[in-house]
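Below is one structure, written out as structure tokens; the observations come after it.
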Amino acid sequence: MTTLVDPSTAEVISELPDATEDETAAAIGRAAAAFPAWEAVAPGDRARLLRRFAQVVDDHIDQLAAIEVRNAGHTIGNARWEAGNVRDVLAYYSGAPERLSGRQIPVAGGLDVTFHEPLGVVGVIVPWNFPMPIAAWGMAPALAAGNTVVLKPAELTPLSALRLGELAREAGIPEGVLEVVAGTGPVAGWRLVTDERVAKVCFTGSVPVGKAIMAGCAGSLKRFTLELGGKSANIVFADADLEAAAASAPMSVFDNAGQDCCARSRLLVQSSALEGFMGLLEDAVGSVVVGDPRSEATQMGPLISEAHRDRVSGYLDGRVDVAFRGRVPQGPGWWFPPTVLAPVAPGDRVAQEEIFGPVVSVIPFEDESDAITIANDSRYGLSGSIWTENLGRALRVSRAVEAGNLSVNSHSSVRYWTPFGGFKQSGLGRELGPDAPEGFTETKNVFISTEAR
Ligand code: NAD
């Protein structure tokens with residue numbers, strides 16, 4: 001049994017039974033049984049069903065957003081964006097079924113063609129920080145390519161996924177094509193990893209669990225993608241538009257209370273600009289509106305749970321220098337103020353570990369090569385930003401930083417039509433973008449002899 005709690009008030013929302021291993025196996029069984037018919041749905045009809053699913057999600061944006069505000073403490077603005085992202089990802093991949101074409105390759109004596117065959121049942125395992133978008137990033141291209149899906153939300157945030165499962169049925173997606181199993185990681189999640197009827201696992205979550213899943217998938221040579229942690233660098237050169245860089249730096253790390261794998265939690269600032277930049281940054285951090293996630297004006301809500309707040313607080317031991325902090329509401333809820341640590345050395349624990357809270361480490365650097373060395377001094381490589389008015393430098397540093405998703409003079413969030421994923425221990429494989437449906441298929445080569453007989 002999991003107790004769901006509103007993170008902004010600490011009030012209990014409900015008690016939800018955890019799916020047992022047998023119940024998870026039964027859901028996998030239903031998804032396996034539904035696969036042949038779903039695979040056989042004509043591409044145009046599968047596209048139509050996904051478009052209808054997108055439309056039904058659009059009709060329920062406010063309801064889905066309200067669920068996420070309550071269950072995850074997300075700000076209402078973010079939660080609406082997240083529900084809209086599910087709609088958009090479904091709509092985007094509803095264009096895939098009719099476009100999933102193979103190739104015709106020249107050969108002697110016949111015709112050679114390739115097909116993209118769906119894999120079967122895909123398990124999508126989701127963390128608590130972005131329950132809706134991450135569910136959609138896995139399930140939408142998987143369904144579009146003709147697979148059935150078993151979706152396992154995180155223990156703390158199952159409600160939006162359960163609602164999405166109901167909306168899929170309302171939209172006419174056949175029974176068994178999208179199963180939602182709310183259970184724990186070690187029971188329901190692990191069953192998805194080890195059950196031989198599951199052909200692929202899309203996992204988003206922490207590095208240790210990702211490694212265990214990778215090892216578990218080896219048991220049946222299951223396909224997998226891993227989207228794991230991050231410790232991304234926001235690199236500000238002295239030649240940048242410092243006002244714009246300072247104004248945007250807080251929300252590049254404090255958005256979603258820092259519980260974002262792409263959070264720019266290392267702020268690398270060129271020493272010659274450091275003093276002026278810190279003044280601008282202090283003003284910007286002071287103006288971040290932290291409070292009731294139901295208020296339209298709120299920019300940052302609470303952390304997900306008391307245990308997580310304890311974990312984040314644990315990084316602020318006596319050994320770190322707190323430069324300045326923002327404000328938080330008093331009273332119940334798992335609040336943690338926006339916090340700027342400075343100066344931080346590149347090897348410090350707070351510069352190396354993913355804190356997953358509203359804490360940013362300011363690290364001074366001397367020159368371009370120093371900035372690249374520090375940015376790459378991390379086991380992670382998910383995203384990052386580069387602020388400079390020098391185009392050549394922007395391109396050189398973009399090519400040199402070991403990360404999957406970089407933005408120049410901006411902190412672009414994930415776009416569903418561009419590829420997303422990490423270098424190094426930030427993950428394996430890519431999600432989203434035009435090629436994602438192919439990742440849910442096996443390429444089959446067929447040669448047809450045209451020899452006269
Ligand atoms: P987590 O690894 O604890 O859990 C993630 C999911 O895995 C949950 O659904 C959980 O129930 C399940 N799980 C746990 N143990 C399992 C097991 N043994 N077998 C199968 N499933 C298991 O992560 P979390 O704390 O929920 O999420 C935070 C982490 O996710 C952070 O490290 C963050 O950076 C990462 N994340 C990465 C991305 C990305 O795209 N790269 C996006 C969001 C979050």
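Just follow the structure's listing: the first ligand is 1, and inside any ligand the first atom is 1. The figures here come from the full heavy-atom set of this structure, side chains too, leaving out hydrogens, waters and symmetry mates.
Once rounded to the nearest 0.5 Å, the distance linking SG of Cys262 with CG of Leu382 reads 4.5 Å.
Residues Arg197 and Gly29 share a closest heavy-atom pair of NH1-CA, 3.4 Å.
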If you look only at distance, which donor and acceptor atoms sit under 3.5 Å apart when one is on a side chain in residues 132-144 and the other is two or more places apart or in another chain?
residue, atom, partner, partner atom, Å
Trp137, NE1, Asn85, OD1, 3.0
Trp137, NE1, Pro133, O, 3.2

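Using modelled atom types and a 3.5 Å distance limit, the side chains of Thr157 and Asn71 yield no donor-acceptor pair.
Remark: Arg399 engages no residue in a salt bridge (charged side-chain N to carboxylate O under 4.0 Å, His left out) (not counting sequence neighbours).
Listed by chain and residue number, the protein contacts of ligand 1 are Ile125, Val126, Pro127, Trp128, Asn129, Ile134, Lys152, Pro153, Ala154, Glu155, Gly185, Gly189, Trp190, Phe203, Thr204, Gly205, Ser206, Val209, Ile213, Glu227, Leu228, Gly229, Cys261, Glu354, Phe356, Leu382, Phe420 (heavy atom within 4.0 angstrom).
Under the salt bridge (Lys or Arg N to Asp or Glu O under 4.0 Å) criterion, the residue pairs touching residues 59-76 are Asp62-Arg80, with sequence neighbours excluded.
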